Asks: 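If you scroll down you'll find the structure; I have some questions about it.
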Amino acid sequence: MKALVLKDYLKLNYEEAPIPEPGAGEVLVAVKACGICGSDVHGMDGSTGRRQPPIIMGHEAAGVIAEAGNAANGWKRGDRVTFDSTIFCGECAFCRRGQINLCDNRRVLGVSCGDYRRQGAFAEYVAVPERVLCRLPEGLSFEQAAMVEPVSIALHAVRRSPPVLNDTAVVVGVGMIGLFVIQALRLAGCGKIIAVDVVPDKLRLAQELGASHTVNASAEDVLACVQGLTRGFGADLAVEAVGMPQTVEMAVRCVRKGGSVTLVGNVSPRVELPLQIAVTRELTLYGSCASSGEYPTALDLLVRGAVNAAPILSAVAPLADGAAWFDRLYRKEAGLLKVILKP
Ligand SMILES: [Zn+2]
Ligand SMILES: [Zn+2]
């Protein structure tokens, strides 16, 4: 089969690779679309240590079952599927509690981090355990389905910080995850949704996708804007989708007494916390990692158009051109959000 292989750091090659052998309980999926994730772009230069070459990256994919093997549960050749990027064991204490994103034996497709190497979906075929498969609803394209992972991450973050009807929410950072968080907060019944970023184009998109107000943090005083929009009260909740010291601090300062901050971004491994604010204002901090069972809901919202992924999809390109698209994303070309590659 053809695959896009990370041969060395920053060196992607479109070349022949062996078709993966599905193991017990696994199926072989013929990949029809696979999204380039920020973690692939960050990882391919070695900075995260999670894409050690040689590796076929890619974990945001959809396709058709090519070989169902001895899969149970009625999966058969030709079924249109997507799959959870996190391969969970189904047996550890966390899986048994339904917290599959916290699985003790969690492996991510298309990742090699020293502990394991699991070939991903920038290839014609990928082997995945049937446990993580999700059937595609009729009418949902493979390209739309390849965007289900970031939608699920946003749904999970909103579920962690459950807003109540008419709450005011601040979303700090409106990249792809932030843009889906805004849509999920809207669906969850938030009243005001205040989007904060430093890129005007992203703020425009945030407004198009449901933010009621936007604040450009490089030109405006974010805290003053939030106070002004809430009559000095502060927001009920904030979702932080960047993960840097200044943005985490901003999220913490934006919320009212007794409010909550959900932390999704984690660019910096460490940040300083305004401890006295968190303590004396009785804030609740939630960490939110990946997703845990939100895939079917995300697929349903996508196919019904309740979540709009179209403005976030920047380009669909052949897998053979993958290296060039990775390069453009790596150089942070303005306006590029999600790029999907098709084998
Ligand atoms: Zn991803
Ligand atoms: Zn587990």
Side-chain angles (χ1 to χ4, degrees), residues 4 6 24-26 31 33-44 47-51 55-63 82-113 115-116 118-123 126 128-134 142-157 173 175-181 184 241-243 264-267 288-295 298-299 302 307 309 312-315 322 325-326 329-330 336-341:
L4 189 66
L6 186 70
E26 295 189 344
V31 180
C34 183
I36 301 180
C37 179
S39 64
D40 296 325
V41 179
H42 297 311
M44 73 167 179
S47 54
T48 65
R50 290 180 57 81
R51 300 292 189 282
I55 178 79
I56 299 171
M57 303 189 290
H59 57 263
E60 302 180 359
T82 183
F83 38 83
D84 200 321
S85 53
T86 296
I87 297 174
F88 54 94
C89 75
E91 283 163 18
C92 72
F94 294 97
C95 283
R96 286 184 185 177
R97 290 165 58 98
Q99 295 173 299
I100 56 173
N101 56 332
L102 305 181
C103 171
D104 279 335
N105 307 303
R106 180 174 190 252
R107 280 169 158 55
V108 182
L109 277 167
V111 165
S112 59
C113 56
D115 292 342
Y116 65 89
R118 179 87 206 199
Q119 301 296 351
F122 287 128
V126 63
V128 294
E130 61 164 315
R131 191 184 311 125
V132 301
L133 289 177
C134 249
F142 293 117
E143 290 82 359
Q144 284 174 300
M147 298 186 71
V148 71
E149 192 217 31
V151 177
S152 307
I153 291 170
L155 296 182
H156 187 68
M176 187 177 45
I177 300 291
L179 291 169
F180 284 129
V181 166
V242 184
V264 187
N266 57 93
V267 173
S288 184
C289 175
S291 66
S292 175
E294 283 88 356
Y295 268 57
L299 290 168
L302 280 167
V307 165
I312 294 164
L313 177 55
S314 306
W325 283 99
F326 263 93
L329 288 163
Y330 189 74
L336 270 192
L337 286 167
K338 182 59 75 186
V339 173
I340 285 176
L341 301 177

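When a ligand or atom number is given, it counts from 1 through the structure's own listing order. Given the structure is predicted, the values throughout are model-derived calculations rather than measurements.
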Asks: Short question: side chain of Glu294, backbone of Ser292 - any donor-acceptor pair under 3.5 Å?
Replies: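 Between the backbone of Ser292 and the side chain of Glu294 there is a qualifying donor-acceptor contact (under 3.5 Å).
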Asks: Nearest N/O/S atom of Glu149 with respect to the Zn ion (ligand 1), by atom name, please.
Replies: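 The nearest such atom is OE1.
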Asks: Please work out the angle at the Zn ion (ligand 2) defined by atom SG of Cys95 on one side and atom SG of Cys92 on the other, rounded to 10°.
Replies: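 The two atoms form an angle at the metal of about 110°.
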Asks: In degrees, rounded to 10 degrees, what angle do His59 atom NE2 and Glu60 atom OE2 make at the Zn ion (ligand 1)?
Replies: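 Output for this angle: 110°, rounded to tens.
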Asks: Considering only heavy atoms from C-beta outward, does the side chain of Ile340 approach that of Glu60 to under 4.5 Å?
Replies: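 Ile340 does not reach Glu60 side chain to side chain.
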Asks: Strictly distance-based, threshold 3.5 Å: is any side-chain N or O of Lys338 a donor or acceptor partner for the main-chain N or O of Ile36?
Replies: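 Yes; at least one donor-acceptor contact below 3.5 Å.
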Asks: To 10 degrees, how wide is the angle SG (Cys103) to the Zn ion (ligand 2) to SG (Cys89)?
Replies: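 Centred on the Zn ion (ligand 2), the SG/SG angle is 100° (to 10°).
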Asks: Looking at Val111 and Arg50, what are the two nearest heavy atoms and their distance?
Replies: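 Here Val111 and Arg50 meet closest at CG1-O, 3.3 Å.
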